[in-house]
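Lettering follows sequence order; numbering is per chain, from 1. Computed over heavy atoms, backbone and side chain alike; hydrogens, waters and symmetry mates excluded.
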2 protein chains.
Amino acid sequence: METPIEQAVAVLRRNQLKITKQRQALLDYLVTYQDHYVAISEVDEHMRTLFAGMSHNTIYRNVKEFETLGLLELKSQANQTLVKYQCDFEHQHHHHFVCSNCGKVTELQACPLDEYEAQLPGCTITGHRMEIYGLCAECTQKQAN
Amino acid sequence: METPIEQAVAVLRRNQLKITKQRQALLDYLVTYQDHYVAISEVDEHMRTLFAGMSHNTIYRNVKEFETLGLLELKSQANQTLVKYQCDFEHQHHHHFVCSNCGKVTELQACPLDEYEAQLPGCTITGHRMEIYGLCAECTQKQAN
DNA sequence: AAACTAAATAGTAATGATTATGATTTAGTT
DNA sequence: AACTAAATCATAATCATTACTATTTAGTTT
Ligand SMILES: [Mn+2]
Ligand SMILES: [Mn+2]
Ligand SMILES: [Zn+2]
Ligand SMILES: [Zn+2]
């Protein structure tokens, strides 16, 4: 059974990208964000303390490259880019529920896109985003008390 | 029949906000973006040529204030905040199709939220976003030729 | 109509995330 | 061990946005 990092490294190999110690360290850190988003700027800050002198450029470039390879999920929020390790490496399409208190990300089943195609005659649909916000069950519990 | 700007001014009055010439000019400009998003930074740039010396602060502050009043719709994209004049002042909840070529925004009917509530037992849902991307009918046509 | 005052704006500078660039290093290959 | 394209470093720049304080003004009161 492959670990998430082994899977990611395999993807890098498959794409002829070099396995540098910087990329290893980046994956090691990002894999701790499998069910939470984190700001790239925070990743940047962390990597540079952990890895003295690591270049901003290297961090931002690799995060974006990893995203195009399907290793990470990105989203834009409040003038920042947030990143999360990909939920599932089979890239099966899905949507999220995000807790606005603790940040926990939950995967949702089903996709609403089909319902809308009839409303867009003549259009070409290339993508979509859906995300639900609120308090997870745990945070809802705590809040009640 | 009230114009969109008259409606907006009425909302400002109702909330005891002052009708300044800066706010008037801002509304006059933003009302031209009823079916397209525009970056706030571009609004800022435009307002400052049109209105020499207008403060960045004033522009950003008012855009955000107008959003909380329901006059505008905001979204985050590529480290910028985009803004659009509200589609309909009754604030009826809806979603958008956005053309990635010409930027045209089309309102969609129906909301998929209900389908997901059963998947989130014990959670508190406070909001959601859904947006579909692609080419509008016009841009699909042009592309075909 | 003048005075009043809280709200709004101007003017200037700072902040912070991200990107640019050219020199140097290195992973993987030959 | 040499080679080389790819990756990283080191440094500075860019650009959207925010901060701060003095000044102005819209709407109210006298
Ligand atoms: Mn996911
Ligand atoms: Mn709308
Ligand atoms: Zn939570
Ligand atoms: Zn279009």
Side-chain angles (χ1 to χ4, degrees), chain A residues 5 8-30 37-69 71-72 74-84, chain B residues 5 8-30 37-69 71-72 74-84:
Chain A
I5 290 186
V9 169
V11 170
L12 295 186
R13 287 230 162 77
R14 209 173 301 140
N15 287 82
Q16 280 112 42
L17 296 178
K18 296 183 177 174
I19 316 296
T20 64
K21 61 181 191 295
Q22 291 86 344
R23 281 174 174 165
Q24 291 268 15
L26 187 56
L27 287 171
D28 286 346
Y29 181 59
L30 286 174
Y37 280 91
V38 58
I40 300 190
S41 55
E42 198 176 312
V43 175
D44 181 62
E45 193 175 8
H46 178 88
M47 293 303 293
R48 285 163 59 88
T49 56
L50 186 145
F51 222 91
M54 188 167 182
S55 185
H56 295 299
N57 197 316
T58 300
I59 295 159
Y60 280 86
R61 185 173 19 76
N62 280 323
V63 166
K64 284 175 185 169
E65 197 148 33
F66 290 178
E67 194 257 353
T68 70
L69 296 173
L71 309 181
L72 305 175
L74 297 185
K75 67 170 174 167
S76 207
Q77 188 181 283
N79 311 319
Q80 291 210 172
T81 301
L82 307 188
V83 59
K84 189 181 85 53
Chain B
I5 290 187
V9 169
V11 171
L12 295 186
R13 287 234 162 76
R14 208 171 304 140
N15 288 80
Q16 279 113 42
L17 296 178
K18 296 183 177 176
I19 316 297
T20 63
K21 61 183 191 295
Q22 291 87 344
R23 282 174 172 165
Q24 291 268 14
L26 187 57
L27 287 172
D28 286 347
Y29 181 58
L30 287 174
Y37 279 91
V38 59
I40 300 190
S41 55
E42 197 177 313
V43 175
D44 181 62
E45 193 174 8
H46 178 86
M47 292 303 294
R48 286 164 59 87
T49 56
L50 185 146
F51 222 92
M54 188 168 182
S55 185
H56 295 299
N57 199 316
T58 299
I59 295 157
Y60 282 85
R61 184 173 19 77
N62 280 323
V63 166
K64 285 174 187 171
E65 196 148 33
F66 289 178
E67 194 256 353
T68 70
L69 296 172
L71 307 181
L72 305 175
L74 299 185
K75 67 169 174 169
S76 207
Q77 188 180 285
N79 311 320
Q80 291 211 171
T81 301
L82 308 188
V83 59
K84 188 181 87 51

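Considering only heavy atoms from C-beta on, B:Val38 stays 4.5 Å or farther from B:His46 through its side chain.
Partners of B:Lys64 by side-chain hydrogen bond (donor to acceptor under 3.5 Å, both in side chains), not counting sequence neighbours: none found. B:His56 pairs by the side-chain hydrogen bond (donor to acceptor under 3.5 Å, both in side chains) definition with B:Asp44, not counting sequence neighbours. Taking the side-chain hydrogen bond (donor to acceptor under 3.5 Å, both in side chains) definition, one finds that B:Thr81 meets it with A:Asn79, sequence neighbours left out.
Distance, A:Ile59 CD1 to C:dT19 P: 13 Å, rounded to whole Å. The separation between A:Ile40 atom CD1 and C:dG16 atom P is 18 Å, rounded to whole Å. Rounded to whole Å, the distance from CD on A:Glu67 to P on C:dT18 is 14 Å.
Pairing analysis of DNA chain C (Watson-Crick: purine N1 to pyrimidine N3 plus N6-O4 or O6-N4; G-U wobble: N1-O2 and O6-N3; both under 3.5 Å) yields stems of 3 or more pairs at C:1-30 with D:1-30.
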Subject >> Where protein sits on nucleotides 7-14 of chain C, one letter per nucleotide: B base, S sugar-phosphate only, - none, heavy atoms under 4.0 Å >> reply: SSBBB---

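In summary, contact between chain B and DNA chain D, defined as any nucleotide atom under 4.0 Å from a heavy atom of the protein, begins and ends at D:dA16 to D:dG27 in the 5' to 3' direction.
A:Ser76 and B:Ala78 get closest at one heavy-atom pair: OG-N, 3.2 Å. Scanning all heavy atoms of the two residues, the minimum distance from A:Leu72 to A:Val63 falls at CD1-O, 3.6 Å. In this structure, B:Tyr60 and B:Ser41 approach most closely via the heavy-atom pair OH-CA, 3.5 Å.
By the 6.0 Å contact criterion, CD on A:Gln24 is enclosed, its count of non-hydrogen atoms from other residues, nucleotides or ligands being greater than 12.
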Subject >> Criterion side chain to side chain contact (heavy atoms under 4.5 Å, CB included) on B:Leu30 and B:Leu71, from CA distance to verdict >> reply: CA-CA 10 Å; B:Leu30 287 174; B:Leu71 307 181; over 6 Å; no

**OP:** Take B:Leu26 and B:Thr58 through the side chain to side chain contact (heavy atoms under 4.5 Å, CB included) test and state the conclusion after the steps.
**Re:** CA-CA 10 Å; B:Leu26 187 57; B:Thr58 299; over 6 Å; no

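For C:dG16, the OP1/OP2 oxygens have no side-chain nitrogen or oxygen of A:Ser41 closer than 4.0 Å.
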